[in-house]
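Just below is one structure, and these are the notes that go with it.
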Amino acid sequence: MKIGIFDSGIGGITVLNEALKMLPNEEYIYYADSYNAPYGNKPKDVVREYIFQVVKFLDRQQIDALVIACNTATSIAVRELRKIYDFPIIGMEPAVKRAIEYNNDKRILVTATNLTLKEEKYHKLVERFDKQSRVDSLALPKLVEFAENYMFDEEKIISYLTSQLEIYEWKDYSSIVLGCTHFPFYKKWFREILPDHVKIIDGNKGTIKHLKNILSEGKENCNNNRGKVTLYYSGEEDKDNYILNKYLRIL
Ligand code: DGL
C-alpha cells in the first residue's frame, strides 16, 4: 500500500519511525512542510491552507491512506479532509485517554503546540475523559523550533525544558503526554528532568496500530514488499534519504 504521511515539518518522522518498525513493507511518501513550520504559532486559517496544499500534493501521488502525523494539523483539518478524500485518514490527538487509563488518581500534564491546546477538538477531548479535572496543559513551541533546526543536545534546550517543567509539583502527577510529534525527539531530556514515577506517553504507536488495522481490512493489498520511503522536504525530494536518515538516527 502507498501511505501518505505528513507533518508541519520533521516531527512526523517520530511517527514514521514506528511505522517502519510495525509495517516495514509498505511504501511511504512523507511530506515535511518545513518551509511553513511551525504550524503551532500561526493563525488557524493560514495553517488550514498549508494543510490543504500538502494533502493535494499527496493525493496526486495516488496514496491509499493518509496519516496526519501532526496533532496541530489534525485538530484544524481532519474532519474537513475526510469529507473531501476517499482514502482512509488517520489523525493524531494528545493521548489524554491513555494517560487517564494509566492512572486516574493523579494529575496529568499534556504538552502540545499553542494551536492544538487552543482548538475546540482538544477541549472536547479533555471534557470527555477528564471527569475529575486532573489535566493540565502546557505549550512547548520552542521544541518544534529546535527540532526543525536539528538541535537536540544543546544546553539551551535543557534549560528551556527545565524552566518549563520545574514549576509543577511532580509528586502529584502520574504522567506527561507528548501531544506534538516533534517532542519525542526530546524524550531523553524529559526522562532526565522528570522524576522516575512520571510516565512519558505519546500517541505514535497507537496511531500506527490504527493504521495497521485499517490496512489489514483491505488485506489483499497489504504487504506488497516494496518497503521504501520517499521524503519531500518543503516540496523538494530528499535524495538518498539524507534528511530522513539524519533524523531517524536521533530516535
Ligand atoms: N508536529 C506538530 C504537532 O504534532 C506541529 C508542530 C508545529 O508545527 O508547531 O502538533
Side-chain angles (χ1 to χ4, degrees), residues 4-19 30-55 58 66-79 81 89-96 98-99 109-123 125-126 137-152 157 160-161 164 176-187 190 200-208 210-211 231-235 243-244 247-248 250-251:
I5 172 162
F6 83 94
D7 176 46
S8 63
I10 49 69
I13 291 176
T14 65
V15 182
L16 177 63
N17 185 43
E18 293 301 333
Y30 183 102
Y31 194 100
D33 197 16
S34 290
Y35 179 74
N36 294 317
Y39 283 180
N41 290 339
K42 296 202 170 82
K44 187 174 166 169
D45 290 352
V46 173
V47 172
R48 184 185 165 280
E49 213 27 63
Y50 294 152
I51 296 166
F52 276 78
Q53 290 308 321
V54 172
V55 179
L58 291 171
L66 175 69
V67 178
I68 307 178
C70 176
N71 296 261
T72 312
T74 302
S75 59
I76 303 292
V78 70
R79 278 179 59 186
L81 290 169
I89 300 181
I90 294 120
M92 293 188 76
E93 61 185 14
V96 173
R98 249 187 72 207
L109 181 66
V110 177
T111 62
T113 66
N114 285 305
L115 204 48
T116 299
L117 297 177
K118 238 177 19 202
E119 275 304 293
E120 196 194 346
K121 194 170 187 300
Y122 176 68
H123 292 284
L125 176 75
V126 173
S137 311
L138 171 70
L140 292 171
K142 281 205 164 170
L143 289 188
V144 177
E145 216 179 280
F146 290 140
E148 288 297 320
N149 289 307
Y150 202 75
M151 290 167 64
F152 297 103
I157 299 170
Y160 169 66
L161 257 191
Q164 296 295 310
I176 184 166
V177 173
L178 308 186
C180 168
T181 54
H182 284 73
F183 298 174
F185 281 117
Y186 299 97
K187 236 181 200 167
F190 279 101
I200 301 171
I201 297 176
D202 68 57
N204 289 3
K205 267 202 189 98
T207 302
I208 301 306
H210 188 184
L211 171 68
L231 183 141
Y232 291 91
Y233 186 83
S234 304
I243 297 173
L244 174 69
Y247 277 97
L248 282 176
I250 304 295
L251 295 167

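Counting starts at 1 for both ligands and their atoms, following the listed order. Just so you know, these numbers use all the heavy atoms, side chains as well, and skip hydrogens, waters and symmetry mates.
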Quiz prompt | Protein heavy-atom partner closest to atom 9 (O) of ligand 1 - residue, atom, separation in Å | solution =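 Answer, as residue, atom name and distance: Gly40 N, 2.8 Å.
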Quiz item: Can you tell me the protein heavy atom closest to atom 10 (O) of ligand 1 and the distance?
Solution: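 Result for atom 10 (O) of ligand 1: Thr72 OG1, 2.5 Å.
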Exercise. Would you mind telling me if ligand 1 is within reach of the side chain of Thr113, the backbone, both or neither, using heavy atoms under 4.0 Å?
Key: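 Side chain only.
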Quiz item: Which of the numbered atoms in ligand 1 are below 4.0 angstrom from a heavy atom of Asp7?
Solution: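 In order of number, 1 (N), 2 (C).
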Quiz item: Tyr39 heavy atoms, cut-off 4.0 Å: which ligand 1 atoms fall inside?
Solution: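 Per the distance check, 7 (C), 8 (O), 9 (O).
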Practice problem: Classify the angle between the aromatic ring planes of Phe152 and Tyr247 as parallel (below 30°), tilted (30 to 60°) or perpendicular (above 60°). | Solution: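 If you compare the ring of Phe152 with that of Tyr247, the planes turn out perpendicular.
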Quiz prompt | Arg48 to Phe52, cation-pi by 6.0 Å centre distance and 45° axis angle | solution =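 Yes, Arg48 lies over the aromatic ring of Phe52.
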Practice problem: May I ask you to check whether Ala69 has an N/O atom sitting below 3.5 Å from an N/O atom of ligand 1? | Solution: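 No, Ala69 has no N/O under 3.5 Å of an N/O on ligand 1.
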Quiz prompt | Gly235 backbone acceptor or donor facing Tyr31 side chain under 3.5 Å | solution =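 Side chain of Tyr31 to backbone of Gly235, a donor-acceptor pair under 3.5 Å: yes, one is there.
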Quiz item: NZ/Lys42 to OG/Ser8 distance, rounded to the nearest 0.5 angstrom?
Solution: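 Rounded to the nearest 0.5 Å, the NZ-OG separation comes to 8.5 Å.
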Practice problem: Closest by any non-hydrogen atom to atom 4 (O) of ligand 1: pick that one out of Asn71, Thr74, Asn41. | Solution: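 Among Asn71, Thr74, Asn41, the closest heavy atom to atom 4 (O) of ligand 1 comes from Asn71.
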Quiz item: With distance as the sole criterion, is a donor-acceptor pair present between the side chains of Tyr122 and Asn71 under 3.5 Å?
Solution: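 Looking only at side-chain atoms, Asn71 and Tyr122 do not form any donor-acceptor pair under 3.5 Å.
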Quiz item: How about Lys121: does its NZ atom have over 12 heavy atoms from other parts shown lying under 6.0 Å from it?
Solution: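 More than 12 within 6.0 Å, yes.
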Practice problem: Examine ligand 1 and decide if any of its atoms is less than 4.0 Å from a heavy atom belonging to Cys70. | Solution: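 Judged by the 4.0 Å heavy-atom criterion, Cys70 does count as contacting ligand 1.
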Self-check item: Min heavy-atom dist Ser8 to ligand 1 below 4.0 Å
Solution: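 Within the 4.0 Å threshold, so yes.
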Practice problem: Determine the sole option in Thr113, Asp33, Asp7, Thr116 for which the side chain to side chain donor-acceptor pair (under 3.5 Å) test with Tyr39 is passed. | Solution: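 Considering Thr113, Asp33, Asp7, Thr116, a side chain to side chain donor-acceptor pair (under 3.5 Å) with Tyr39 is found only for Asp33.
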